[in-house]
Q: 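Sharing a structure with you now.
Residue numbers begin at 1 in each chain, while the letters A, B, ... track the order of the sequences. Computed over heavy atoms, backbone and side chain alike; hydrogens, waters and symmetry mates excluded.
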Number of protein chains: 2
Amino acid sequence: MSCLARHSQTLRARGYRMTPQRLAILEALHHDGHLSPAQVYQRVRQTGVTEATVYRTLEFLRANGIVFATYGCDGHLTYELGGYDHHHLVCRICGTQVQVKQEMLQDALNRIEQQTGYRMTDGHLTLVGLCPSCQGNSQAQA
Amino acid sequence: MSCLARHSQTLRARGYRMTPQRLAILEALHHDGHLSPAQVYQRVRQTGVTEATVYRTLEFLRANGIVFATYGCDGHLTYELGGYDHHHLVCRICGTQVQVKQEMLQDALNRIEQQTGYRMTDGHLTLVGLCPSCQGNSQAQA
DNA sequence: GCTCTTCTTGAGAAAAATATCAATAAAGAT
DNA sequence: ATCTTTATTGATATTTTTCTCAAGAAGAGC
Ligand SMILES: [Mn+2]
Ligand SMILES: [Mn+2]
Ligand SMILES: [Zn+2]
Ligand SMILES: [Zn+2]
């Protein structure tokens, strides 16, 4: 079954619907990866989707576990389709990002699950640190 | 040396200044812990500090490592004074938070440092998961 | 003291994000 | 098919956050 068909099923099982607007937004994310709400709107406005609907839909899809939200460089949200395990490591100063493989965190997340009772299966965490080129920056030390 | 005196020194060493506005905002955070920008403004407006200045100053203090920023589940920022090592684990559905001790992540962060070259000394990461009471929620499964 | 430079702020404009509400569309029941 | 209920959207209003810019304040150098 295709990715989008599966998402439709997921929504319907919860009493929600896969609408043309939601489909257009999912396809934009499928095609282009990490996008801000404004960038999503640019790609779907031709289909008549409203700006407010873009915000609403992205939040809706995020709360339903279908898309992931990441706070990027500038402190703004970006969205991407879920489905593969990776995490983000973003520099506190300049915002440069690298990906972190799931294996790197697996043991720690298991321990956290045991101790807190939370389930850490969502993936796609956003970690903050200092990238190599910003470590000499005067703002690096608190 | 007091906490605030040390922060003043830190800023001055970088060519910045400890102003009455910054002091008022730091004192609000010192007194009340995790606060949103709006909550900070409520506590300092009597001193004449502008709303725009609150946003500016919080971002300034964050970039200088003096305060920490946490994204809650509602996607809104909250700020708190830095200085002790802990992380946040927030539920994707309901936003309930628990703290995670530094030890739980130490090994993983060391590995990430080695592999990426990033420095993970900032502490105060925000992890996302599903709290026990939301694990039965229909929105829990993607 | 004065001059020069940089930092900082408030005021206001602008942009981004959210909330309200009535109209529409879909699904379910009879 | 008709009726009923709920979900969804666009339009609009509102709130939140960011930006611009000129004025004011602090520090460095003289
Ligand atoms: Mn990602
Ligand atoms: Mn904290
Ligand atoms: Zn950097
Ligand atoms: Zn929860």
Q: Heavy-atom contacts under 4.0 Å between residues 40-52 of chain A and DNA chain C, which residues?
A: A52(A)
Q: I need the CD1-C1' distance between I25(A) and dT8(D), as an integer number of Å.
A: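 To the nearest whole Å, that distance equals 12 Å.
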Q: Could you state the CG-C1' distance from L11(A) to dA25(C), rounded to the nearest angstrom?
A: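 So the CG-C1' distance, L11(A) to dA25(C), works out to 16 Å.
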Q: Among residues two or more places apart or on two chains, list those pairs meeting salt bridge (charged side-chain N to carboxylate O under 4.0 Å, His left out) that have a residue in residues 94-103 of chain A.
A: none
Q: Between the side chains of Q102(B) and H87(B), does any donor sit under 3.5 Å from an acceptor?
A: yes
Q: Pairing donors with acceptors under 3.5 angstrom, does anything connect the side chains of H86(A) and E80(A)?
A: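 Note: H86(A) and E80(A) side chains meet the donor-acceptor criterion.
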Q: Nearest 0.5 Å, please: how far is CE in M18(B) from CG in L26(B)?
A: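 CE of M18(B) is found 5.0 Å from CG of L26(B).
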Q: Would you mind telling me which residue lines up with the more 5' stretch of DNA chain D, T53(A) or Y55(B), judged by nearest nucleotide?
A: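 Upstream on the strand: T53(A).
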Q: Go through Q106(A) and N110(A) one step at a time and tell me if the side-chain hydrogen bond (donor to acceptor under 3.5 Å, both in side chains) criterion holds.
A: CA-CA 6 Å; Q106(A) 191 61 62; N110(A) 285 342; 3.3 Å; yes
Q: Can you list every pair that meets salt bridge (charged side-chain N to carboxylate O under 4.0 Å, His left out) and has a residue in residues 27-41 of chain B, with sequence neighbours left out?
A: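 Of all non-adjacent pairs touching residues 27-41 of chain B, those that pass salt bridge (charged side-chain N to carboxylate O under 4.0 Å, His left out) are D32(B)-R43(B).
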Q: Quick one: ring pair (Phe, Tyr, Trp, His ring centres under 6.0 Å) pairs with a partner in residues 96-121 of chain B, sequence neighbours left out?
A: none
Q: Set out, line by line, the N/O atom pairs under 3.5 Å between protein and nucleotides 20-29 of chain D.
A:
from	atom 1	to	atom 2	distance (Å)
dA26(D)	N3	R17(B)	NH2	3.4

Q: How many Å lie between CG on L77(B) and P on dA16(C), as a whole number?
A: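 About 17 Å, once rounded to whole Å.
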Q: In whole angstrom, give the distance that lies between atom CG of L23(B) and atom P of dT8(C).
A: 14 Å
Q: Please give, in whole Å, the distance from dT6(C) P to M18(B) CE?
A: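 One finds 23 Å between P of dT6(C) and CE of M18(B), rounded.
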Q: Any side chain to side chain donor-acceptor pair (under 3.5 Å) involving residues 44-55 of chain A? Give me the pairs, sequence neighbours left out, ordered by first then second residue.
A: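 Sorted pair list: T53(A)-R56(A).
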Q: Considering only dT16(D), dT9(C), dT18(C), which nucleotide approaches the side chain of T57(B) most closely?
A: dT9(C)
Q: Give a yes or no on whether Q115(B) atom CD has more than 12 heavy-atom contacts from other residues, nucleotides or ligands under 6.0 Å away.
A: no
Q: Specify the separation, in whole Å, of atom CG of N64(A) and atom P of dA7(D).
A: 13 Å
